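These notes are about the structure you will find just below.
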Amino acid sequence: MSNLTSLTLADALRGLREKRFSSEEITQAHLQAIEAARGLNAFVLETPDHALAMARASDVRLARGEGSVLEGAPIGVKDLFCTNGVRSTAGSKILGEFRPPYESTVTANLWRDGAVMLGKLNMDEFAMGSSNETSAFGPVINPWKSRGSNQSLTPGGSSGGSAAAVAADLVLGATATDTGGSIRQPASLTGTVGVKPTYGRCSRWGVVAFASSLDQAGPIAKTVEDAAILLRSMSGHDPKDSTSLPTDVPDFPNFVGRSVKGLRIGVPKEYRSDGMPPEIEALWAKGVEWLKDAGCDIVDVSLPHTKYALPAYYIIAPAEASSNLARYDGMRYGIRGEGANLTDVYEATRAEGFGDEVKRRILIGTYVLSAGYYDAYYLKALKVRRRIADDFTVAFERVDALLTPTAPSAAFALGDKSADPIAMYLNDIFTVTVNLAGLPGMSVPGALDATGLPLGLQVIARPLDEGTMFSVAGALEKAAGFGAKAERWW
Ligand code: GLN
């Protein structure tokens, strides 16, 4: 039944509707694939009983001809999303065996539309990282390997489990989150499609908070169309999130395959980073050619404050994180350390529960928010953020979308950058700007590098214009003809 796992989400939905196979069958096939792929460490919790119960309920609805838009399709959920009665860890030890008594809005929307939950996916602790190595559950292994090498590579992060599971055909699609690149960078490193929608498009309710002004949920999928199908279900106004936008959800899949003729595509010169591998430069140039061939007008644009984005992000994100993570005190949920008094208990709980990267962020965040440093760091970073957003506003007066590389490198070896936080943070150089400005951005696989590893292209669009972004991404996908899959070794 392995052919059922190699289907795209769109094809699987068609097959389910036409009753060529049941939801139980396709769910079983994925559960078997997951079991056989434990070496990837993509899941922190498999939920087969849950999955089969949901699948059978879907089959009943499908038999009555009642199914909704995702009816019977098995997917995975990043463990940052709270799932009712199902352990949700955020990749951290500190939450222990926490079982939320509620469901995140995004996952609730997916279940409302008939999707089936296969389990919870591994991730960097509290979504802080670019390689999945900060997870309390150990790193995820990228299904891709360099040609002729047996070295374990990272799938990227923080949504490494989501990306690896999609790339290895363990799920038809997955939820993920992106605060500074955590959907797009792992998508780029695994040959999958990852979408970070406009800030406010998907509700943050029930998603464990990292940096609330930057966090957005989105899908990782096998194709642009699949990503559009998933995002349509995940999106929508939610009164439970005050930053959720009260706008209608366009029919995203409808935009995939539309002509891009006459669209103006901006190429920002500041995204030509020093030391960028020539192959990434070449893929970017190819992307420009593909869009030109599809009838787009290519326009050189400037985003002059780009070079300040990474430093601003690494002040704002830790500042918000230090505040958001104050709630993990061992009192209401998660683990509790031993101590003689309340302060000792807090200290013991946080010392035991948080990993090193999370502690680093809390220290940085607390420092930049402290009296005396607040103006010099945090306020300054907020001003930079405004400049970056203004750069995009100016560029979008002249263009309809931007094209850039997604990440400055292909997948790297586990351990390669974990000792050097700055080297790790540099992974986010092309992605953080989009979060700072609240824009939609997505990664589409473009080509394999000389060693056979996938590389992604990023499309950025105006706020709430995911439609145009999907059209451009669809054109790139078509031109790239990227059909490669990781060779199975697991
Ligand atoms: N790599 C970035 C960080 O560690 C982004 C993480 C994310 O998008 N969640 O902050």
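All figures in this text were calculated on a predicted structure; none of them were measured in a lab. Start at 1 and go down the list; that is how both ligands and their atoms are numbered.
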| message | If only side-chain N and O atoms count, and only distance matters, is there a donor-acceptor pair under 3.5 Å linking Ser88 with Thr83? | response | yes
| note | Given the options Tyr373, Tyr314, Tyr378, Tyr367 meets ring pair (Phe, Tyr, Trp, His ring centres under 6.0 Å) only with Tyr373
| field | Salt bridge present between Glu270 and Lys307 (N-O < 4.0 angstrom) | value | no
| field | Charged N-O contact under 4.0 Å between Lys417 and Glu133 | value | no
| request: Identify the protein heavy atom lying closest to atom 6 (C) of ligand 1, giving its residue, its atom name and the separation to 0.1 Å. | output: Ser182 OG, 2.9 Å
| request: Please state whether Ala317 comes within less than 4.0 angstrom of ligand 1, counting heavy atoms only. | output: no
| query | Got the closest protein heavy atom to atom 5 (C) of ligand 1, with its distance? | reply | Tyr313 OH, 3.3 Å
| request: Provide the number and element of each atom of ligand 1 under 4.0 Å from a heavy atom of Gly180. | output: 5 (C), 7 (C), 8 (O)
| request: Go through Ser135 and Asn132 one step at a time and tell me if the side chain to side chain donor-acceptor pair (under 3.5 Å) criterion holds. | output: CA-CA 6 Å; Ser135 167; Asn132 222 294; 4.5 Å; no
| field | atom 3 (C) of ligand 1: the protein heavy-atom neighbour that sits closest, reported with distance to 0.1 Å | value | Tyr314 OH, 3.2 Å
| message | Donor-acceptor pair, distance only, cut-off 3.5 Å: does the side chain of Thr47 make one with the backbone of Leu118? | response | yes
| task | Pull out every atom of ligand 1 sitting under 4.0 Å from any heavy atom of Asp178, numbered as shown with elements. | result | 8 (O)
| task | Please identify which atoms of ligand 1 are closer than 4.0 Å to at least one heavy atom of Ala127. | result | 6 (C), 7 (C), 9 (N)
| query | Are any of the N or O atoms of Phe210 closer than 3.5 Å to those of ligand 1? | reply | no
| query | Any idea which atoms of ligand 1 are less than 4.0 Å away from a heavy-atom of Ser158? | reply | 9 (N)
| request: Find all atoms of ligand 1 within a distance of less than 4.0 Å from any non-hydrogen atom belonging to Met128, and give their numbers and elements. | output: 4 (O)
| task | Kindly identify the option in Glu357, Met424, Arg361 whose heavy atom sits closest to atom 4 (O) of ligand 1. | result | Arg361
| said: So does Asn109 get a backbone contact from the side chain of Ser233, meaning a donor-acceptor N/O pair under 3.5 Å? | reply: no
| Just one of Val358, Ile364, Val368, Leu369 clears the side-chain contact (heavy atoms from CB on, under 4.5 Å) bar with Ser322, so which one? | Leu369
| task | Say whether Asp428, considering both its backbone and side-chain N or O atoms, lies within less than 3.5 Å of an N or O atom on ligand 1. | result | yes
